[in-house]
Amino acid sequence: MKHLFSPTLSCLTRWARRWLTGRGATWRVALLLWLSHVPYLWLYYPGCWGFPDTESSVNHYFGYADFTTWLCGGTAAHPLCNHHPIVYTYLYGGLMQLGAWAGSVEAAVAAFLAVQAAVQAVLLAVGVVWMTRRLRTRATVVAVYALLPVFGMWSTLLLKDSVFALCTTALVLCLWRWARRMEGADTRRPWRLTVLTCGVLAAFMLSKNQCVYLVCLTALALPLLYGRRALLPAGVCVVWVAVYALFVGALPRLGVATSGPQEMLGTAFQQTARYVRYYPNEVRPEERAAIAAVLPYDSLAVLYDATNQDAVKFCYRRSATAAERRAYLRVWAAMGLRRPTCYAQSVWLGCRGYFVPTGRYTLFYPTHTYEAEHAALFPRRALWPSAPCGMAAWAGVPVVGWVVDMGFLIALFVGCYVWGMWRRQREVVLSFVPCGLAVLVLLGSPVDGSFRYVMPIVWHLPLLCGAVCEARNRAQGRALAASVRRRQGG
């Protein structure tokens, strides 16, 4: 048996060293990852596109209003809104328009997803080469990205969360370069990195509405970790937050309705609905009046769904004034003080699937057909309409299914990140701040167990594990070198 496996292992080691190290390793790794992901695009050709968010963006592009238009206060005559970032209206709507002009929407979608998978592969390859040095660590990270089906499946998604995950990877890489520079490993002038960071921050904040808050917190984390050395990247973040605020402020003048307060207040509304459902006799008349000014009080008990905020928050009264919202928030706080366990249960039941392995929520599900209001705008022919996913069956296997269970993977991410903080691996902690903040966002997630919300976290888990291992190896190497110098000095 030893004579059988020894030559095979030696051959694999030589192949890995030839492909994963040396000049051009980044492009070779990118090609390997792209080739491993493309078969899923063929399996789900022309890609997975039947998601309501994508449908909504395309509808707006072609001038059709839908439910999100009314949520943002738009009208049938002016359907554009920023409920889903406006950039996707033109990205996905323009893609469908281009496909219609070319004679095949299916081919246009497949080509777009092939390019999307290629960009993701390049960014991951850059991260692997930058963050891992040892061959064993690098080969393990590449193997996980290439062989675990979920990464290939995610690259077939025509969905805003795929672009968000891609932009998050780009921001992680920028923060890594800034960290290495502040650690003294990069002495080049920072103007190129500054320009690159500006572009990445712009794309990141446009990819999802809450990203501006993640950038604000990242700007705070920079000086906390590196002091005055981080003033330049922190300043870049602050400037682009201001630019984004001006952009959002200009949207109404451009005929684009902005998101309403219900998106920010979704968790509070959910807690109020749970309180009204289970403790209706404790609600005072003045509190009822304050709640009724922003929500349909008499319907809250029926609308409440422990795992989904949408039914409650979508009933927000857009006619509510700022004074009425402030009065509601005072009532919300007072009720929370009376029944803190009720509020805690509301939060936990709304995010439990993200933190506990249950086997109920899969990391992916293919979608090819759905009841679109304007079906002629979308791809209509899938190459394999009944192509299996297998994710649900895999996730249902005890213990083994944890590999594709978001509850286990999020716990693993948190464990690795906390380990990096405990070991004072500042470059790792800073680089993955956007992903760490995305974990906190899950606490207020509008839907429990949706794979879309864990994409920017799970997508970077192999990179985080590799970076933590490499940082530990570097620390051990420095300690060994210091010990040798002490012995030589003695």
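- At a threshold of 4.5 Å between non-hydrogen side-chain atoms, the residues Leu33 and Phe151 do not count as touching.
- To the nearest 0.5 Å, the span separating OG on Ser155 from CG on Leu41 amounts to 7.0 Å.
- Smallest separation of non-hydrogen atoms from Tyr453 and Leu442: O-CD2, 3.6 Å.
- The shortest distance between side-chain heavy atoms of Gln120 and Trp154 does not fall below 4.5 Å.
- Within the 3.5 Å criterion, the main-chain N or O of Asp53 finds no donor-acceptor partner in the side chain of Ser56.
- Rounding to the nearest 0.5 angstrom, the gap separating the CD atom in Glu427 from the CG atom in Leu175 is 12.5 Å.
- Atom OH of Tyr90 has 12 or fewer heavy atoms from other residues, nucleotides or ligands within 6.0 Å.
- Here the side chains of Tyr328 and Thr272 are in contact, with some heavy-atom distance below 4.5 Å.
- Nearest heavy-atom pair across Leu461 and Phe413 is CD1-CA, 3.6 Å.
- Taking the six-membered ring for Trp and thresholds of 30 and 60 degrees, Tyr343 and Trp332 have nearly parallel ring planes, at less than 30 degrees apart.
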Exercise for the section: Take Val312 and Gln271 through the test side-chain contact (heavy atoms from CB on, under 4.5 Å) and record every step on the way to the result. Expected result: CA-CA 10 Å; Val312 173; Gln271 291 170 327; over 6 Å; no
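- In terms of heavy atoms, Trp34 sits closest to Ala114 at NE1-O, 3.1 Å.
- The shortest heavy-atom contact between Pro85 and Leu206 is CB-O, 3.3 Å.
- Counting non-hydrogen atoms of neighbouring residues, nucleotides and ligands closer than 6.0 angstrom, the CH2 atom of Trp42 reaches no more than 12 such neighbours.
- No side-chain donor from either of Trp459 and Thr168 sits under 3.5 Å from a side-chain acceptor of the other.
- Between the OH atom of Tyr417 and the CZ atom of Phe432 there is a distance of 9.0 Å, given to the nearest 0.5 Å.
- Heavy-atom neighbours of Trp176 CH2 from other residues, nucleotides or ligands within 6.0 Å: above the threshold of 12.
- Note that OG of Ser346 and CD of Gln270 are 5.0 Å apart. Values are rounded to the nearest 0.5 Å.
- Phe314 places a side-chain heavy atom less than 4.5 Å from the side chain of Leu71.
- Expressed to the nearest 0.5 Å, how far OG1 of Thr362 lies from CE of Met153 amounts to 9.5 Å.
- Taking the six-membered ring for Trp and thresholds of 30 and 60 degrees, Phe355 and Trp348 have nearly parallel ring planes, at less than 30 degrees apart.
- With hydrogens and angles disregarded, a donor-acceptor distance shorter than 3.5 Å links the side chain of Arg325 to the backbone of Ala320.
- In Tyr213, the OH atom is not crowded: 12 or fewer heavy atoms of neighbouring residues, nucleotides or ligands sit closer than 6.0 Å.
- For the pair Leu173/Met131, a side-chain contact is recorded, criterion being any heavy-atom separation below 4.5 Å from C-beta on.
- Considering CD of Glu324 and OG of Ser319, their distance stands at 7.0 Å, rounded to 0.5 Å.
- Inter-residue side-chain proximity for Trp422 and Val429 is flagged as unmet; no heavy-atom pair is nearer than 4.5 Å.
- At a threshold of 4.5 Å between non-hydrogen side-chain atoms, the residues Leu349 and Asp448 do not count as touching.
- Of all non-hydrogen atoms in Gln116 and Leu157, the two that sit nearest each other are NE2-O, 3.1 Å.
- Although no hydrogens or angles enter the test, the distance criterion places no donor-acceptor pair under 3.5 Å between the side chain of Tyr92 and the main chain of Ser57.
- Not one N or O on the side chain of Arg352 forms a donor-acceptor pair closer than 3.5 Å with the backbone of Thr307.
- Counting only distance, with no hydrogens or angles, the side chain of Ser207 and the backbone of Phe204 share a donor-acceptor pair below 3.5 Å.
- Side chain of Tyr226 to backbone of Leu231: no donor-acceptor contact under 3.5 angstrom is found.
- Judged by distance alone, the side chain of Asn209 and the main-chain N or O of His83 form a donor-acceptor pair under 3.5 Å.
- Using a 3.5 Å distance cut-off with no hydrogens or angles, the side chains of Thr169 and His460 do pair a donor with an acceptor.
- When all heavy atoms of Pro223 and Ala230 are compared, the pair lying nearest together is N-CB, 3.9 Å.
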Exercise for the section: For side-chain contact (heavy atoms from CB on, under 4.5 Å), just list the numbers for Met182 and Leu222, CA-CA rounded to whole Å, side-chain angles, deciding distance to a tenth of an Å, and then say yes or no. Expected result: CA-CA 10 Å; Met182 291 182 288; Leu222 278 159; 4.0 Å; yes
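- Between Arg338 and Tyr279, the side chains place no donor N or O within less than 3.5 Å of an acceptor N or O (distance only, hydrogens not considered).
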Handout entry: Pair Leu95-Leu158, side-chain contact (heavy atoms from CB on, under 4.5 Å): steps then yes or no
Key = CA-CA 11 Å; Leu95 176 64; Leu158 190 70; 3.8 Å; yes
Practice task
Begin with the C-alpha distance, continue with both residues' side-chain angles, and end with the deciding distance and a verdict on side-chain contact (heavy atoms from CB on, under 4.5 Å) for Cys72 and Asn82.
Solution key: CA-CA 8 Å; Cys72 295; Asn82 200 46; 6.0 Å; no
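- Under the 4.0 Å criterion applied to side-chain N and carboxylate O atoms, Arg277 and Asp305 are not assigned as salt-bridge partners.
- Note on ring orientation: taking the six-membered ring where Trp is involved, the planes of Tyr244 and Phe247 are tilted (angle from 30° to 60°).
- Leu409 is listed as a side-chain neighbour of Leu363, based on a closest heavy-atom distance under 4.5 Å.
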